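Keep in mind that this is a model prediction, so the values were computed, not measured.
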Amino acid sequence: MTCPGAVLTIDLDAIGANWRLLRARMGTAACAAVVKADAYGLGMMRVAPALAAAGCDTFFVAQLEEAIALRVLLPQAAIGVLAAPVHPCEAVYARHRLMPVLNSGHDIDAWGAFTRENRGGAGADLPRAILQLDTGMCRLGLSPAEVDALAAHPAALNGIAPAWVMSHLACADEPEHPQNAEQLRRMRAALPRLPAPFAGAPVTFANSSGIFLGADWHFDLGRPGYALYGGNPTPGLPNPMRPVVRLDGRILQVRDIDRRESVGYGATATVEPGSRLATVAVGYADGWLRSIGGRGVAHVSGTPAPLVGRVSMDLIVIDVTKVPGGAAPGDMVTLIGPDRDIDAVAADTGTIGYEILTSLGARYARTYTGTGGAPSA
Ligand SMILES: *Cc1c(COP(=O)(O)O)cnc(C)c1O
């Protein structure tokens, strides 16, 4: 019993239900799960087994260290690392059966050399590789010119076993953006130019929002992250996903204001006599980002209680004047929950829900509910 200052509750059944919903949206194609950055801050150690229980057998992470931790958890899963090995770490990928994403001629040459050296014997089960094409992000992957260069020198791929051809959408959360059709056009133009063994390999293209762009973007495997964790993949439309995260902070002190006063660092906010303020044990060191100062809203049993003044490292102050029956020290107030989801908190903060999730602090007491495998509700 520690009476924590804030409690983060993560609904594993909702994550499992969200994965099943996304898989259903993919129709006959398959659906993976992206669990990079500690499953978007929610804890990969708990989230990945829940997704596996829901039926997911293919996972993506961003970094080798994440992949090694995931391999321990899920000995049978297919695991893709969204980056190629930095030489000489190829053998680490092979030892843990991790699929590298080859993003450049440099990556292809290095992984090809490794696979050719280790072919046969133990090399018989070297991991398959994912080849990424850049269709319009200028971030990772082969450009159209590099695809042509590869087609002219297909021997660079000797020894490499293909898993998927991959690309990533820049604007999938804006369905009307012309970039979506343009990236699809470039993908369709590039695929027939790929030499063996990637010619005809299955394709993975869509992230969470991409799955909702329609069947043209689906190809063979979806790669959702954000929507699994309750984020809205269709901004501006009702959120089809089940909420996953709830954050409650504890009231440490309640203060009745009897004269005009300023609140918090910088004295940026003023409150009038008759106001009642509550100080809550959540601050920017918990990932309650400072840029929400003056704009955020907590809820006390469903009643909005606006944030007053700046966010401190460990504390915020909220206005509980309108809360029926008042609010008392020890009470919990809801910062993320049914009345304010991660997308709304992100809008208040001036960021995206992805950053709200991945900023969730290490000091929260974390409670996991469900298993991920329960029937979807
Ligand atoms: C993070 C990431 C995803 C998942 O994207 P969401 O928008 O969270 O669904 C998929 N593919 C790649 C390459 C990524 O980096």
Side-chain angles (χ1 to χ4, degrees), residues 15-37 39-40 51 54-62 77-83 99 101-103 130-142 162-192 194 198 200-242 343 352-354 357:
I15 294 177
N18 286 340
W19 181 80
R20 284 189 294 262
L21 186 145
L22 295 165
R23 187 194 52 186
R25 294 290 309 215
M26 288 295 295
T28 54
C31 193
V34 179
V35 294
K36 63 191 178 190
Y40 290 46
L51 284 161
C56 182
D57 61 7
T58 305
F59 296 80
F60 287 90
V61 292
I79 300 176
V81 188
L82 295 168
M99 292 178 287
V101 173
L102 309 178
N103 288 308
I130 300 162
L131 182 65
Q132 176 154 227
L133 310 181
D134 175 25
T135 54
M137 271 199 92
C138 287
R139 197 176 67 167
L140 291 172
L142 302 184
W164 290 286
V165 177
M166 170 180 149
S167 192
H168 191 48
L169 291 159
C171 304
D173 58 340
E174 300 173 57
E176 304 307 323
H177 200 295
Q179 181 83 350
N180 295 311
E182 175 61 16
Q183 288 196 249
L184 181 60
R185 190 191 66 73
R186 291 187 195 179
M187 189 66 160
R188 286 177 169 161
L191 289 173
L194 287 175
F198 282 94
V203 172
T204 172
F205 197 30
N207 67 336
S208 297
S209 293
I211 291 173
F212 291 84
L213 288 177
D216 280 352
W217 282 263
H218 287 172
F219 292 92
D220 302 296
L221 178 75
R223 284 192 326 274
Y226 188 53
L228 294 171
Y229 310 116
N232 188 355
T234 57
L237 296 174
N239 188 351
M241 313 314 299
R242 259 170 70 174
D343 291 290
I352 54 174
Y354 295 68
L357 290 179

* Asked: Roughly how far, to the nearest 0.5 Å, is the CG atom of Asp173 from the CD1 atom of Ile352?
  -> 8.0 Å
* To do: Identify the heavy atoms of Ala78 and Met99 that sit nearest to each other, and give their distance.
  => CB-CE, 3.8 Å
* Sequence neighbours left out, what passes ring-ring contact (aromatic ring centres under 6.0 Å, His included) with Phe59? Give chain and number order. => none
* To do: Can you see which heavy atom on Pro233 is nearest to which on Met241, and at what distance?
  => CD-CG, 3.7 Å
* To do: Before giving the answer on side-chain contact (heavy atoms from CB on, under 4.5 Å), spell out for Phe205 and Leu184 the whole-Å C-alpha distance, their side-chain angles and the decisive distance to 0.1 Å.
  => CA-CA 9 Å; Phe205 197 30; Leu184 181 60; 4.1 Å; yes
* Over all heavy atoms of both residues, which pair between Thr135 and Arg186 is shortest? Give the atoms and the distance, please. => O-CD, 3.4 Å
* Please tell me if the side chains of Leu140 and Val101 come closer than 4.5 Å, counting only heavy atoms from C-beta onward. => no
* Looking only at heavy atoms, which two atoms of Pro224 and Leu228 are closest? And how far apart? -> O-CD1, 3.4 Å
* Enter the distance from Met166:CE to Met187:CE here, rounded to the nearest 0.5 Å. => 9.0 Å
* To do: Return each pair, listed once, that meets side-chain hydrogen bond (donor to acceptor under 3.5 Å, both in side chains) where at least one residue sits in residues 224-238; pairs must be two or more places apart or across chains.
  => Tyr226-Asp343, Asn232-Thr234
* If you measure from OG on Ser208 to CG on Asn18, what distance do you get to the nearest 0.5 Å? -> 9.5 Å
* Asked: Are Phe212 and Leu22 close enough, and set up right, to give a side-chain contact (heavy atoms from CB on, under 4.5 Å), and what steps lead you there?
  -> CA-CA 9 Å; Phe212 291 84; Leu22 295 165; 3.6 Å; yes
* Taking every non-hydrogen atom, the tightest pair across Gln179 and Gly136 -> NE2-O, 2.7 Å
* Would you mind reporting whether Thr58 and Trp164 have side-chain heavy atoms less than 4.5 Å apart? => yes
* Structure fact -> To the nearest 0.5 Å, atom CE of Met26 lies from atom CZ of Arg23 at 11.5 Å
* Structure fact -> Smallest heavy-atom separation, Asn103 atom then Ala83 atom, equals ND2-CA, 4.3 Å
* Structure fact -> CG (Asp220) and SG (Cys31) are apart, to the nearest 0.5 Å, by 12.5 Å
* Asked: Do Asp216 and Arg188 come within less than 4.5 Å of each other through their side chains, counting heavy atoms only?
  -> yes
* To do: Kindly indicate, with the supporting measurements, whether the criterion side-chain contact (heavy atoms from CB on, under 4.5 Å) is fulfilled by Leu221 and Phe60.
  => CA-CA 12 Å; Leu221 178 75; Phe60 287 90; 4.0 Å; yes
* Structure fact -> d(Leu82 CG, Arg223 CZ) to nearest 0.5 Å is 7.0 Å
* Worked check of side-chain contact (heavy atoms from CB on, under 4.5 Å) between Ile211 and His218 -> CA-CA 6 Å; Ile211 291 173; His218 287 172; 4.1 Å; yes
* Would a distance-only check, ignoring hydrogens and angles, find a side-chain to backbone donor-acceptor pair under 3.5 Å from Trp217 to Asn180? -> yes
